[in-house]
Amino acid sequence: MSLLVAYRTLGLGDLLTAVPALRALADAFPGHRRVLATPGVLAPLAALTGAVDDVVDTGELAPVRLEASGFHIVVGHRPDVAVNLHGRGPESHRAVLACRPGRLLAFAHQDVPRTRGSPRWRRGEHEVTRWCRLLEESGIAADPGRLDLPPPDVPAPAEAAGVTVVHPGAKDRARCWPADRWVAVARSERGRGRKVVITGSAAERPLAEAVARDAGLRPHAVLAGRTDLLQLAAVVAVAGRVVCGDTGVAHLATALRTPSVVLFGPVPPAEWGPPPDRPWHVALWAGRGGDPHAAEVDPGLLDIEVTDVLEALRALPGAEPAARRQPPPRATERLAPAGQGSRRTVSDRRTWPSG
């Protein structure tokens with residue numbers, strides 16, 4: 001059995017930015033069983049990509065253990081190819097090399113001799129572009145535009161159709177816009193006649209409930225803690241628009257072509273933002289970076305005012321409904337540009353270049 005292992009032991013947004021690279025690997029190695037080493041909770045979304053046969057539940061920077069596979073891969077079987085889609089190394093390189101692959105695709109690191117002559121890491125590169133470039137410079141064609149996912153085959157709550165999804169939480173405190181500002185956004189959307197739901201994890205439910213209460217929403221509008229990952233994707237797929245911080249939900253909106261306004265703080269959208277050729281995704285950024293893991297809200301994120309978000313929401317175009325439901329394109333079916341993107345700084349509204 002020919003085996004390929006891809007390593008990406010991070011979160012939701014990280015998985016979704018790697019989808020074009022995973023699809024490129026699927027096209028380049030059609031006869032291989034393609035295993036993704038990633039947290040097991042992401043397995044349902046990995047299946048939606050059409051590029052993954054199996055998921056090995058792997059913690060961040062943990063070594064690849066193929067015996068953990070649900071598909072009963074023979075213990076000790078060596079992959080023909082392993083691809084580090086996680087980072088620059090050396091820790092992630094060593095975690096991948098634990099499965100003793102025949103060929104390693106990874107960025108060069110001086111402390112890992114096996115990567116000598118490999119592509120070089122570039123600071124400030126967009127995350128989608130980075131992994132596609134790794135493959136391109138390794139002789140594998142990769143199209144960064146292949147981000148789309150089909151809507152999941154699970155029902156969304158009836159109250160989610162056409163709504164504005166407000167997602168106030170984030171993994172790191174630095175990326176958490178103040179709750180009272182989310183309240184103002186939710187209240188404005190409600191005042192304009194739009195239904196609003198508040199999403200989040202179970203841990204974020206108290207925040208979601210507080211935002212909903214102060215915005216005058218009914219309890220059933222709080223979906224935080226009531227959805228698993230596929231159900232959350234189903235909500236985003238049927239929503240009219242999404243407004244959130246720099247989180248995995250922003251990448252879900254991109255993958256499902258749901259119009260979105262995304263607030264960036266410590267990390268610039270040139271590195272993690274939506275594609276510039278889809279005007280129905282707007283990234284707001286104050287123009288200065290910071291520490292994404294800081295214990296306090298990033299000052300640049302605080303520079304984004306409620307009026308900035310409301311203005312972006314008022315101007316937000318809708319995505320073409322048919323386009324949102326197309327199956328993921330093959331490598332020979334490059335996505336046609338949909339027009340100039342709407343990425344803007346909040347300081348002067350100039351369009352900023354993509355990374």
Side-chain angles (χ1 to χ4, degrees), residues 4-30 32 34-56 58 81-87 105 125-136 138 140-153 229-230 232-234 236-237 242 246-258 260 262 269 271-278 280-281 319 323-338 354-355:
L4 178 146
V5 172
Y7 189 82
R8 185 75 165 165
T9 62
L10 294 163
L12 171 59
D14 306 277
L15 169 63
L16 295 176
T17 56
V19 166
L22 291 172
R23 287 178 172 152
L25 290 170
D27 290 348
F29 298 94
H32 285 60
R34 298 177 298 275
V35 177
L36 176 63
T38 201
V41 68
L42 300 178
L45 278 184
L48 277 184
T49 70
V52 174
D53 298 313
D54 189 9
V55 166
V56 174
T58 309
V81 183
V83 188
N84 185 358
L85 299 176
H86 185 101
L105 302 182
E125 188 170 23
H126 193 283
E127 191 71 3
V128 175
T129 304
R130 169 175 286 133
W131 303 112
C132 288
R133 180 178 62 82
L134 171 66
L135 300 185
E136 288 276 1
S138 303
I140 297 171
D143 179 359
R146 299 176 69 194
L147 288 162
D148 292 354
L149 291 181
D153 190 21
L229 196 53
L230 273 188
L232 175 61
V236 172
V242 172
D246 175 18
T247 67
V249 171
H251 296 284
L252 270 180
T254 295
L256 295 164
R257 294 191 172 226
T258 299
S260 63
V262 185
E271 296 179 19
W272 282 90
D277 61 352
R278 303 187 189 194
W280 54 86
H281 301 299
R324 287 175 59 185
R325 287 163 175 79
Q326 291 295 321
R330 303 293 296 171
T332 56
E333 300 171 336
R334 297 178 69 92
L335 291 174
S354 62

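- Without hydrogens or angle criteria, Asp14 side chain to Gly11 main chain gives a donor-acceptor distance under 3.5 Å.
- The two residues Pro144 and Pro20 come nearest to each other via the heavy atoms O-CG, 3.5 Å.
- Checked by atom type and distance alone, the side chain of Arg257 never pairs as donor or acceptor with a backbone atom of Asp148 at under 3.5 Å.
- Leu252 has its side chain within reach of Leu45: a pair of non-hydrogen atoms, C-beta onward, lies under 4.5 Å apart.
- Results of the side-chain contact (heavy atoms from CB on, under 4.5 Å) test with Val56 over Thr9, Val35, Val5 single out Val35 as the only residue that passes.
- Considering CG of Leu36 and CG of Asp54, their distance stands at 9.0 Å, rounded to 0.5 Å.
- The two residues Ala233 and Leu256 come nearest to each other via the heavy atoms O-CD1, 3.3 Å.
- To the nearest 0.5 angstrom, Asp246 atom CG is 10.0 Å from Glu271 atom CD.
- No side-chain heavy atom of Leu229 sits less than 4.5 Å from a side-chain heavy atom of Pro44.
- No side-chain heavy atom of Leu12 sits less than 4.5 Å from a side-chain heavy atom of His251.
- Screening Leu135, Leu4, Leu85 for a side-chain contact (heavy atoms from CB on, under 4.5 Å) involving Leu105 leaves a single residue, Leu135.
- Residues Leu22 and Leu15 form a side-chain contact, since some pair of their non-hydrogen atoms from C-beta on lies under 4.5 Å apart.
- A distance-only check finds no donor-acceptor pair linking the side chain of Glu127 to the backbone of Trp272 [under 3.5 Å].
- Of all heavy-atom pairs between Ala18 and Arg8, the closest is CB-NE, 3.9 Å.
- The two residues Pro152 and Ala234 have their closest heavy-atom pair at CG-N, 3.5 Å.
- Using bins of under 30°, 30° to 60° and over 60° for the plane-to-plane angle, the ring pair Tyr7/His86 lands in the tilted bin.
- Residues passing the side chain to side chain contact (heavy atoms under 4.5 Å, CB included) test with Ala43, sequence neighbours excluded: Val55.
- Residues Asp53 and Arg34 meet the side-chain proximity criterion, which asks for heavy atoms closer than 4.5 Å.
- Arg23 places a side-chain N or O within 3.5 Å of a backbone atom of Thr49 that can act as its donor or acceptor partner.
- A donor-acceptor pair under 3.5 Å is absent between the side-chain atoms of His281 and the main chain of Pro275, judged by distance alone.
- Nearest heavy-atom pair, Trp131 versus Gly87, reported as atom, atom and distance to 0.1 Å: CH2-N, 3.5 Å.
- Just one residue in the list Leu149, Leu147, Leu48 forms a side-chain contact (heavy atoms from CB on, under 4.5 Å) with Leu16, and that residue is Leu149.
- Qualifying side chain to side chain contact (heavy atoms under 4.5 Å, CB included) partners for Val242, counting only residues two or more places apart in sequence or in other chains: Val165, Val236, Cys244, Val249, Ala253, Thr258, Ser260.
- For Asp143 against Gly145, the heavy-atom pair with the smallest separation is OD1-N, 2.9 Å.
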